[in-house]
Every structure is written in structure tokens, then in C-alpha cells.
Amino acid sequence: MNYDFDAQQIELHDVVARALADALPFDGHEARGADDCAGWAAMAELGLFGLLVPEAYGGLDLSLTDLTPIAQELGERLAPLSIVDTLAASEVIVRHGTLAQQARWLPAIARGELRVAVAWLEPAAGYDPHAMATTVAAGRLNGTKMLVAHADRCEWLLLPVRHGDGSRVDLAMVERTAPGVTLTVQESLDPSCGHHRVDLRDVALAPDALLGGFAPQLAAARLFDVAAALHALLALGIAGAMMSRAADYARERVQFDVPIGSFQAIKHKCADMYTLVEAARAAAYYGLAAVAKGDAESTRAASLAKAYCNDVAARCCQDSIQVHGGMGFTWELGLHRFLRRAKVVGAAFGDPDFHRERVLALTLEAMAQPHSGAARSAA
Amino acid sequence: MNYDFDAQQIELHDVVARALADALPFDGHEARGADDCAGWAAMAELGLFGLLVPEAYGGLDLSLTDLTPIAQELGERLAPLSIVDTLAASEVIVRHGTLAQQARWLPAIARGELRVAVAWLEPAAGYDPHAMATTVAAGRLNGTKMLVAHADRCEWLLLPVRHGDGSRVDLAMVERTAPGVTLTVQESLDPSCGHHRVDLRDVALAPDALLGGFAPQLAAARLFDVAAALHALLALGIAGAMMSRAADYARERVQFDVPIGSFQAIKHKCADMYTLVEAARAAAYYGLAAVAKGDAESTRAASLAKAYCNDVAARCCQDSIQVHGGMGFTWELGLHRFLRRAKVVGAAFGDPDFHRERVLALTLEAMAQPHSGAARSAA
Amino acid sequence: MDFARTPAEEEFRTALRTWLAGALPAGWGETVFEPEGEDARAQFRIEWEKTLHRGGWACIHWPREYGGRDASQVEQAIYAEELARARVPEGINIIGRNLAGSTLLAHGTEAQKQRFLPRIIACEEVWCQGFSEPGAGSDLASVRTRAELDGDHFVVNGQKVWTSYAQYSQWCFALVRTDPSVKKHAGLTFLLIDMTSPGVSTRPLKQISGENEFNETFFDNVRVPVENVVGEINGGWRIAMTTLAHERGPEDALGRQIRFKQELELLLETLSGLQRDGRPVIEQANVRQKLAQSVIELDIMRLSALRQLSQYENGMARGAEASANKLYWSHVAQDFFERAIDALGPLAPLAGHDPLAVGGGRFQLSYLQSRAFSIYSGSSEIQRNIIGERILGLPR
Amino acid sequence: MDFARTPAEEEFRTALRTWLAGALPAGWGETVFEPEGEDARAQFRIEWEKTLHRGGWACIHWPREYGGRDASQVEQAIYAEELARARVPEGINIIGRNLAGSTLLAHGTEAQKQRFLPRIIACEEVWCQGFSEPGAGSDLASVRTRAELDGDHFVVNGQKVWTSYAQYSQWCFALVRTDPSVKKHAGLTFLLIDMTSPGVSTRPLKQISGENEFNETFFDNVRVPVENVVGEINGGWRIAMTTLAHERGPEDALGRQIRFKQELELLLETLSGLQRDGRPVIEQANVRQKLAQSVIELDIMRLSALRQLSQYENGMARGAEASANKLYWSHVAQDFFERAIDALGPLAPLAGHDPLAVGGGRFQLSYLQSRAFSIYSGSSEIQRNIIGERILGLPR
């Protein structure tokens, strides 16, 4: 067992971090507008989108685990969510796409020329795709998706669809420009996400648009777990950034003739943030690793990470603003960008209540199987 | 509107406080045993048990509101719960007893010669008496009650009973020594409560043993609300005592060459306790006043007070122990007695989750009635 | 203890409620709302305050001789609740009425009262507060804005920050350093500064919610007559403390509480109507528990404020207990708005006027605004110090 | 990153599990339990530690030359988990094995190692820790127990407190003041004291749970040979810090975590079987949310400990990160036991052997015991200072 990053992972992270720092300078003053999708080109140039793609399709054939430090950095840099969406999509196409589908999409994804927006949420549903209203019947797709990040900049949409005849859920790849697809900009807590509503009206769906044909249900569930585990890392990145900024400010800001970090009220708030961030780190790293392995524990591990990291991010945003005092609630300093992004990340792919419930249900399920409780404890 | 105590209330409180201080010296070393019911005689001598009893029956005919400072003091002194049980019983007999029942029990209660233990809890029920297993059919009572405080020292038991034929719930007064009543000492988190299990096997129940005959359901509901509001004040007393002890210790205990209260970690913990206790005070005082008035708001106010004060007591117990450091978890200092009592008080007559749910349900109900939301806001 | 209202109090309430019904535009709060632009809204609010004054309902806690009603604490409580209940526009001269007014009434000369109070109550002059500076936030006593005596004038130089509504203000009460040679609390003076004086400039300071309530205010050789000192020269600290006790007091909390409760009721209605996976969100036990806690805490915010007012009515002097009041409500309200937005689940990020946004996108804005509650008007850390030291007697 | 186990690690686990199955009494943890009386239980635990030693499974992290197995961090993790999983008796000489042992290995002379280590590993000598005093709790460096040199002996006078299991101990490692003239951290020495020496006495100190794990220990002119100093005279502070880093480290957390998780599983089973108002308590969404949070937090307690072990294995020196470890688990566990008892609702107060008590009344005892977690082994306030200053670089 080794919880630390290996040399390759560290190198990969450093390259990505430098590129993101150049592409996404934190200018603080203004949240980037909805039409800005900076960072994509830099990531494409680095070949980031080929990381999970097999070599045969021009990728590097790495494991999802290798994304750990990168995803965290994407969170810390408030990078466009379409980067993570596309990475998650590439993973699912590799695992659940037919050879034809892989050949069709993966090379373009690897080259950074094909962006995929994952369209999961609906206005009147929770997170379970079996309860969603977007359905396909007689080859036609109908429904409404919301809060799709940078849908206007992505060439393809990836979304779960129920078959009108029953409970089976597949994942569908739909071209953004397909007839019947309408995009509407949405006003969102985080304008930098470029959120769109996507209305689908009798969109023609070719059979080869459906992923997971030979493993029905699994593809959608897998996409959800992968995205949840990656979002846990985004939340971890946000939490870590807010904690560091608080500690930096506490070392420098002088009140009552001393740096405010010498006051226990501030010092202990920072120490609590540190402790929570380290705990979230242990959860998030393990979460993505378990999902990468794809074993029986992966869903539970993804939920555990997502529930915990979201809460830690929310807490660190709040406490970091508090440590910054009056400066904390100025637009200029830009801490609100993390606060806003944290809420978006928290609401995507399962909020903490959803994931807590799932952790408990899976824990009880595992206990009900003879010896499995002990097996899990010792796993 | 006057939130402060009036002169009579203050005088009453001071007399009671002095008597309790004499009768229940806090010796710390040992929790008083189950067979100790100290404080009763002192309270009886003061005429405390006649406070709510009409003058015709030898009482003072005061309002439940006048018990506010006393109940808080009973909480702070960890006084036997049978005192509060008997006061609650006297209130309900005054309101819901027939003239014959009043004449039978109230004079003896006022003289301090008749103790009443309220037997509410059951092993497999929540707090709603309509879901309880203790029933009366053909004049015979059957069931099991638990955690009845000092049941062995009380002459009478007061308990909710369902009629076997339907959903109606009455309150029954049952003599402790009646055939078929068996008491068993229970091992409890707080040994000073003298908790007993009460088994009822075919106990004969005369029709005049049932309270609330002309207002079915109301008597049991009223007893519950009165007891809940009084228990909120007990919890407030505990919370206040723990907060004061923490502040006292923080002023005196020296570490790193200064009193530990000069460290923000300690100072702010004490300040938070103070703030919570003051909020709990506002809730508890209002709660009992609303129940005393008996208007539409009384159930909601009792639940609000009970839910909040229990949580504050739990928090103050925890934080006060923390402020006391190593001394905090010694048996000798006796802080554990408050911790233990707080859990007993919290679990009696509705735990915080129960009361929160009730507050929400009643709030939604009030909102559904036209204009009542605004009416409540402005009440 | 007596929670009943007297007939006189009920009469007061009825009179006010009747007046409000006539004074507000028809359809107010249902079809008619404030203008959307910040400047137009400010102008609208100034007009509303003038209406209040014409109706005899401005500054009711002031003595009759200065245009008030000598209102009791209970009447003030009723006033705060009725105004909030009618969803009247927020005050823009709240700093003038509650802080400048109360401070002048307590510490001003008769000439100062005669000069300033009539124009505050009539909303002819709007006020802002010049306390905080970039280097003096929690450590308020370290203000560095200098005021140097030059004949019968002070010459003021320096920068203030978080001066709410400075852009609409004619006057500013400021804490300035008049003696740099003594220890810091001892060299401060409470000075009234005409914002139209040469050398005063302001710059808007955008908040995390995107709004521009706050400003930076700069003083560059601003001349202020000596008679604009309140209290003694170098005696400003004590006066500023009075101002802060009013700012953190129960009157402020009462009005806020009703507004919070209105948002809470909007949330409960929203969640009752909102279906998620085939059933109303409000039926989920986990959501219910969290919202119930906010119902309870916001009700207690009201009860606590009433209790404090009752204590003042019974003769208790205003003091550090206001800090407990402010500390309590700021966190309770932050928790509420966090719970509100979290209860929306997948819909949480949808803000503003998006057609799919629930509750008119109101909760998202309130959530952002609420982040500042525990910082402005004295951070929670400062309030805890005050409670610990001045109420519990813990050493500095 | 690699979360897979190597075949060698799996082999180690199997060997240990097999040995444990044979070494524990038949029916252990199901029909056979520890004795109930505190003294009998202590004796039982000493016997168990001797069994561990005879099987070659004591102090596996020690070097082979002192009887250990040179176990890797991962092996230690497996060891902690397997022992807890088999619900083996708790160690009574945990202070000897983990603290005295580790400290001597790091700082002891060869003679000290030869003298003490074999008897620790064989559980022939039990150890206690003499750090805290009535006046030196969080402020450990202010210990006043004096040790004055008299020829080749120190003469020790003073009082220690919270000396766990002192009543069963043959040895105590203590922090004593050898130079009162210098500033307080500089005048301390780490001294090994024979508990059978004349002048040593102990008095039990009952805890809030009613148990007697702790003691006060008094030293009255106790003579201790100079060769029992570990490290330098007046160099004890640095050595004590090593001891504390071990006490707060991940090995300790791992074993505890499994025990907490066993209680959690017992709770989940209990609530699945417990009917309240006609349905199992575990089906209530509010209860589920709270318990899920504890499931998550206790799992992370394990993951964090594994991560720290992994860092040590990769060469990171032990330091302040142990404080974050200890801070995290102590509050997570306290929250868990509070939630556990609260989830029992009306049954919460029923304790011990009452026939109606659920979970064997275990949760009530654990709840009480857990109140001390955030105090002993360095209070949470001290851990936060360490994290803030030594990890985040915040000023003192």
C-alpha cells in the first residue's frame, strides 16, 4: 500500500499545475464570464484528454488514479467543469463503449478536439437516473436537463436516458448541434461555470449513440461514480485553497500590533481547517482509487469521499472568509468565487445528504452479507 | 410584555434556592443513590407542592409561569425528578380532574404528602401515547413502563393509557401498591434518578382513576406539554450551571502562568456557552409561559423550548468538561452528574428530534391556515 | 413575567398597521416592488423614509421634542415587527436614525441636537459611519485617520472603509485620531464630517454578493469645524462604544428576524411545492430536521430580542449583552441560509431570474449576503472577547 | 499511489489470523469474555500480553535483536486491525510497549535497552507514564516534581496525576525538574523510576465513567540511580515530545478505529432490530443521516492513519501531523458516541445490565469514556496550537 503519489504522478501534476497557473491566473476582480472556457487549450496541448485513452486511439492509457493530483488542482484553480466532464466521459467510453464507439470518439477526445458536457441534472428529479424524465422512445429523445456546464462550448452532450418501455437506463452521446437540441443560458450562483439548460425535443437518436449496450445500467452508474469521485477532488482542491489562503492571511494581517494568526481564535480555526482538509484528502484519494479499481467498494468509496469533501469545502469557504474579516467579503479578493464554485460542485453528482444515505444503505447491505462486515473492516 | 421575573417570583425562587442548597449540597464525590430522594421534605415544608393547587384545597393557586425560576433551580441542583413530576401532575389534576378527583388528591399533594411519579416511557414506543402498548380493557390495565424516576418513593403513578377499544388516550392515576403493580430497579446512566421499571399486570382500574374524562385526549397531551416545558427549564438549569462552572474555573486555573480564561480558546468557548444559555433562557421562559396560557401556541412553544434547551445542555456539558481539562473527567469534581442528568432529561418527554419534527409540523400547519403565519409572526 | 400585551400596546399596533396600509402603494409586496437599479432603489428608499416622517412614524423612540414619540421598548418592538411584516422598504438612513441619532441624543450638545436631529428624522440628510479602516478592523482603536487642529477647525486626512451608503450620504460620523502621542484608545475623537466638504471622495466597494452597499471613503485635508466634535476631544472611544451597543442591539435584530422568517416561510412553501423524485421535498425527514432547527433558532432570535428590550424597559443599562445578541443571530442566520440553499439540492445553484430557479432565486442572494453577518458590526471573534471579558469576567 | 496489498502482506495477515484463532480461548468474544472485576481483568490482560510474546507477536515493530519483527508500517497496520478484529483484550502495558519501548529505542543507551526492553516485550514489567501533574496539564513544561542529585542518585519529590494503570506498574517514565533556575523547558529530565522503590505511593482516581484506570502517584524522597536518565540531564523535553508523537500516532488510531467501528456495527444492528412505533429505528431518515456521518468519519479515521503510516514508510519524519490525527479522531469518536446514545431515543438512559437496555448497555459506558478523548494525551486546544504553529507556521 502506498498513499503517496509516485514520481510520474507528481511530474504530471506539476506540468498541469504550471499550465493552469498560466491559463487561469486568479485575477480576483471578476469572475470569468459564462463564455470563457480558458484552460481547455492548455490542457489539450498537454495531452491531458488522452490520459485515460488507450494508446491505440492516441492516448496514454493511464489509470483514473493518476488523475488524483490533477483533479485536485483543477478544483483549486476553479478550472472549467467541462474538463472534468470530458475526462469522465473518456473513462466511460473506454469501459463501456463498443469498439466502433471508441474509434469514433476517443481519438478526437485525446487530441482535445472533442469536448463532452455531462448533462445529469433535471429540475424535478434527484440524482437517480431511474427517476428522471428524460426518456428515449421509438428512437426519439425528449426531456430537459439543467446546469450543464459550458454546454455551448462542447461538441457533444453525454446524458443518462431512460427507455420509455421500462427501467433500463443507458448513457446517450448527443451532438450539441443535433436538431431538437436547444441551449439556454442559465443564471447561476457561479457565472464562471457557463451553465445552460438543455431542452431535448424529439431528438433523433441512432442506436449507436447509446453507451453501455452490453452492460445496461452499469455505464450510467459508472459515470456517476467517476464524476462523483472526481468532484470530491475538486471540492478538496477548493477546501485546500481556502485553508491555505486563510493561513497566509493570518500570518500577514496585523491587528492589535500582532499578526492575527497569533490569536487562538484564528489559529485554531486554521488548525481545524487543516485537520478537515487532511481528512478529506485521505477520503478523496481513496475514493478515486477505489473507483479506478472498480471493485465492490467503489460506489461506497465515491459516496464517502463526495459527502465528506463537499462538507469540508463548505466549512473551509465559510471559515476562510471569516479569517479574512472585512476583506473576506469583498468581490475584489475573490474568495466568493470558491464559495460559489463549492456550492455548484456540491450540488452536482449527488449532494452530501444523497451520498450519506447511500453510504449508510451500502454499509447495512454489506453487514447483512455474512462475514462481509469483517471482510470490509480488514480490506 | 415583561420578560423579567416579578418580585413575588424572585422571592419564591430565592426561598426555594436556599432550601435546595441546604437539602442538596453538591458534594461531588458520589452520585446520590437510587434510594435517596433528598429535597422532597424541604420542598414540602415550603409548600412548593401547593403552588398550583387552588386555595380551596390548601394551595396558593399560582400560575405555572410562577414555577419558571424554581424549575430552573431544580435543574441546576439536580433535584429529584419526582418533584417536577408531582408539580406537573398537580397542574393536570387541577385542569382536567373532576371535582371529586381534585378533592381526593390535591389537598394531599399540597401538603407534600402525596408524591406522583409520571410513567410515560415504554421500551418499544416513541413519545406518542397513541402508539403505546399500555392499555386498559374491561377495567384492567396491562403494560410496561420504564425509567420511572423514584417510582418506589411515590405513592401514586400517573400514566397515559389507551383504551383497548380504540384510539382514545386517558391519564390514569394508579396507586403504587395496587395489586398487579411491580417495580424493578433499573440500571441507568444517572443512578441518582432512582429509575424503575413498572410492570402492570391486570391492574384493576376504577373509572374514577381516569383523568380527562370530559376532555378525552387533552389531559395526556397537556401533561406531556407541561412536563416538556418544565424539563426544558431543568435542561436550562443544567446548562447554566455548567457554563458558570466553566467560567469560574477559567478565571482561577493557571497554566502557562496566566488564568486559562485569558486564552481565546477557553474564553470563546465560555462566550459561546453564555450565548447559547441566554438563547435557551429566552426559549424556556417563553415555553412555560405559553403552556401556562394554554393557547394554540402552547404545544409548539413547549417543543421549541425542549428541543433547543436539551441541545444546549448537551453542548454545555461537553464544553464545560473540556474547559476543566483533566479535572473535568474526574468523578470527584462531579461534572459527570450534570452530563448524566442532561441525557435523562433529554430523553424524557420527547428528545430533540421528536420536538423538532413537531415544531416543523405545527409551523407548516399554521402556515396552511390563511393569515395565520402573519398572525403568528406578529403575535 | 407577563407575555400579554396591554390594550394600549394593541392600540399602538392597530394605528401603525392602519397607517402602513394607507401609506404603502397599492399591491405593495405582491405586484409592486422596489426599483431594481441600486441608485433608483436608494432614491425610492429615501422617499419612503420621508413618507414615514410625514406620517409621524419616523424615529419613534426619540423624545417628542425632537419629533419622536417617546416610544417604549415594547412599542419599538411592535414597530420593528409591523414594518417588517408589511415588507416596507429597508431604511437607507438607518445609520442616521439609529446610530447618529442615538449617539447625539446621548452625548450631543443641545446645539448639535437642534442642528442635526430634525434633518435626520426628515431624511433630509443621510448619514454614514466612518469607523473601520484598512488597518483598523477588529482592532478599531488603531484608526489612523488624523485630525489636526488648525484654528477652530480640524484638518482630516486618511481613509475609511465599509462606509455603507456613503455615496448617498450628506454626513459621516467618524472616529479620528487627534492625539497620536497617547495610547491608542485615549487619542480618538468622535467627529461629524460634512460629506460635501472639499477633499472627501468615495469609491464603491463591491461585495461578494455583487452588490455595492459599501464604499471606501477618503479624506484629503478636509476641514471640519471644532463644534462638530461629539463629547470631549480625545474622548471618542467611549462614545463609539455607545454607538456600537446600539448597532448590535435588539431593535436591529427584531426587524431582521421578521425578514429572515419571511424567507423561511417562503422556503417552506417552496419545498412544499417542489417535487423531487415524485414527492414533495418537505416530506423528507432529514430536510425537516434541519429546517426545524432554523425555525426554532429564528423564533428564539425574536424571543431573545424581546427579552433584551424588556430588560432595558426595566431599567437595565445597555452593555455587553448586545454582543451576545449579535453573535447569536449572525450565526443562526448564516446557518439558515446555508440550510436553505442546501435543501434545494440539485436546484441550489440556480439563481436570479432563471425560470427554473425556485423562490425567485432569492435564497442564493441571501446566502451570499449572509456570509458577512459574522464579520460586520464587530466580528464574532470580537463579540466573544467582549462577552468573555465584560460579562463573564475572564481576564484579557 | 497504490492501495493494493502485496502477497507478502497477505501472507503476514494470514499467519497472524491463524495464530490468533489458536491463541484465544474457544468462543472468545461470543460466549467467553474478560473477567468483570477491574483487578482480575488487569491480570487477565497481563497474561494475554505474555501469550502474545510467547507466540512471537508482541512489539512487532521493534528490531529483531530486541525480540521484534522489524515490521513495516503496513504490517503494523495489519497487526492493529487484526488484533482489534479478533477483539483481543486491550493491552495493559501499551504504555510500556509503545511509549517506553519506542522512546528507549530512539534515545536509550544500549544498557538501558538491554535492561528494559526484554521485560517489556515479555510483559514482565508493566509501565506507566509520569508526565501530568495537578499544576501541569496542558502546560506540561511547568512540572514541579523535583529530582535533586545526591551522589549517584536523584532524590525525587512530587506528585503526578493521570498515571494510567500505575497500580499494576513496576516502572514509570517521568518528566522531572532537575534545574529550577533555567526557563522551564530547559530544566527537565526524562527519568525511569522503579515503582517498587520506597516512597512511591499511588491513589486511584475515579473517572466520570466510574472506572479506575487513572491514578495519582506520589514520590516522597524516592531514590533513583543516575543511569536511569534517558538522554541528557536537563534534556528531557525533547525526549518527551518523541514520546507524545508516538502516543498520538496512527498506530494508536488504527486499533481504536476498529474498536469504534465494532461499536458502530453493533449500533446499526441494534437499531435495525429495535422497533419504535411499529418500525425499525434504522429506517428513520434523520437517524440514518447522523449515523452515516459517523460511518464516514470513522472510515476516514482509518484511511488517515493508513496514509500517515504510508508517509512514514516513505521516509517522512514523525512530527506535528500526529496532532491532526489525534484531534480528528477524538472529536469524531465523541460525536459518534453522542449520536449513538441519542439514536436510542427513550432508551438512551438505560445502562449496564438492565434487561431492557440495548446493545448490552455498552453505548452508555463508551459515551462517558469518550468525553476524555479530547482531553487526555494532549487536549484539543494544545493539538490546535501545535498544528497552527508547527504545520501552518502561524506565530505563537
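Below, chain A is the first sequence line, B the second, and so on; all start at residue 1.
Contact annotation for C:Leu356: only side-chain heavy atoms (C-beta onward) come within less than 4.5 Å of a heavy atom of chain A. Looking at C:Gln334, only its side chain comes within 4.5 Å of chain A, counting heavy atoms on both sides. Contact of C:Leu205 with chain A is made through the side chain alone, with heavy-atom distances under 4.5 Å. Only the backbone of C:Ala136 comes within contact range of chain A, with heavy atoms under 4.5 Å apart. With a 4.5 Å cut-off on non-hydrogen atoms, C:Ile341 touches chain A through its side chain but not through its backbone. For chain A, the nearby parts of C:Gln207 are the backbone and the side chain; heavy atoms of each come within less than 4.5 Å. Of the atoms belonging to A:Leu147, it is side-chain heavy atoms, and not backbone ones, that fall under 4.5 Å from chain C. Residue contact with chain A, scored on non-hydrogen atoms closer than 4.5 Å, involves the backbone of C:Ser209 exclusively. Interface residue C:Pro134: only backbone heavy atoms are found under 4.5 Å from chain A.
A:Gln255 places a side-chain N or O within donor-acceptor distance of the main-chain N or O of C:Gly137, the cut-off being under 3.5 Å. The backbone N or O of A:Ala125 sits nowhere less than 3.5 Å from a side-chain atom of C:Asp277 that would complete a donor-acceptor pair. A side-chain donor-acceptor contact under 3.5 Å links A:Arg340 to the backbone of C:Ile208.
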Applying side chain to side chain contact (heavy atoms under 4.5 Å, CB included), run through C:Lys184 and A:Asp257 and close with a yes or a no. CA-CA 11 Å; C:Lys184 56 189 187 180; A:Asp257 306 323; 4.0 Å; yes
Between C:Ile375 and A:Ile321, is a side chain to side chain contact (heavy atoms under 4.5 Å, CB included) present by the stated rule, with each step listed? CA-CA 9 Å; C:Ile375 297 172; A:Ile321 289 174; 3.9 Å; yes
CA sep, side-chain torsions, deciding dist, call: C:Glu338, A:Lys343, salt bridge (Lys or Arg N to Asp or Glu O under 4.0 Å): CA-CA 10 Å; C:Glu338 184 114 35; A:Lys343 279 291 170 216; 2.7 Å; yes
Working note: A:Met146 + C:Leu347, criterion side chain to side chain contact (heavy atoms under 4.5 Å, CB included); need CA distance, chi angles, decisive distance, verdict. CA-CA 9 Å; A:Met146 65 174 188; C:Leu347 292 159; 3.5 Å; yes
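In this structure, the separation between NE2 on C:His331 and CD on A:Gln318 is 8.0 Å, given to the nearest 0.5 Å. Rounding to the nearest 0.5 Å gives a distance of 14.5 Å between CG of A:Leu333 and NZ of C:Lys206. Rounding to the nearest 0.5 Å gives a distance of 5.0 Å between CZ of A:Phe329 and CH2 of C:Trp162. Here the OH atom belonging to C:Tyr367 is positioned 3.5 Å from the CG atom belonging to A:Leu339, to the nearest 0.5 angstrom. Rounded to the nearest 0.5 Å, atoms CG (C:Asp342) and CG (A:Asp351) are 7.5 Å apart.
Taking A:Ile266, A:Leu189, A:Val344, A:Thr184 one by one and counting their heavy-atom pairs under 4.5 Å with chain C, the maximum is reached by A:Leu189. When each of C:Gly345, C:Ser379, C:Ser142, C:Ala348 is checked for heavy-atom pairs under 4.5 Å with chain A, C:Gly345 comes out on top. Interface remark: of the candidates C:Gln275, C:Gln364, C:Glu381, C:Glu381 forms the most heavy-atom pairs closer than 4.5 Å to chain A. Most heavy-atom pairs under 4.5 Å with chain A, from the set C:Gln369, C:Lys290, C:Glu211: that is C:Lys290. Among C:Pro355, C:Gly361, C:Gly210, C:Ala357, the residue making the largest number of heavy-atom pairs under 4.5 Å with chain A is C:Gly210. With chain C as the partner, the residue from A:Trp120, A:Tyr127, A:Phe354, A:Phe256 showing the most heavy-atom pairs under 4.5 Å is A:Phe256. Of the listed residues (A:Leu335, A:Thr330, A:Ile260), the one with the most heavy-atom contacts under 4.5 Å to chain C is A:Thr330.
Taking 4.0 Å as the cut-off between side-chain N and carboxylate O, C:Asp139 and A:Arg253 do not count as a salt-bridged pair. A salt bridge does not link A:Glu122 with C:Arg276: every distance from a Lys NZ or Arg NE/NH1/NH2 to an Asp or Glu carboxylate oxygen is 4.0 Å or more. Note on C:Asp354 versus A:Arg197: no salt bridge recorded, every NZ/NE/NH1/NH2 to OD/OE distance being 4.0 Å or above.
Looking only at atom types and distance, the side chain of C:Ser374 has a donor-acceptor partner in the side chain of A:Gln322 under 3.5 Å away.
Atom CZ of C:Arg144 sits in a sparse spot, with 12 or fewer heavy atoms from other residues, nucleotides or ligands closer than 6.0 Å. Residue C:Arg238 places its CZ atom among 12 or fewer non-hydrogen atoms of other residues, nucleotides or ligands, all under 6.0 Å distant.
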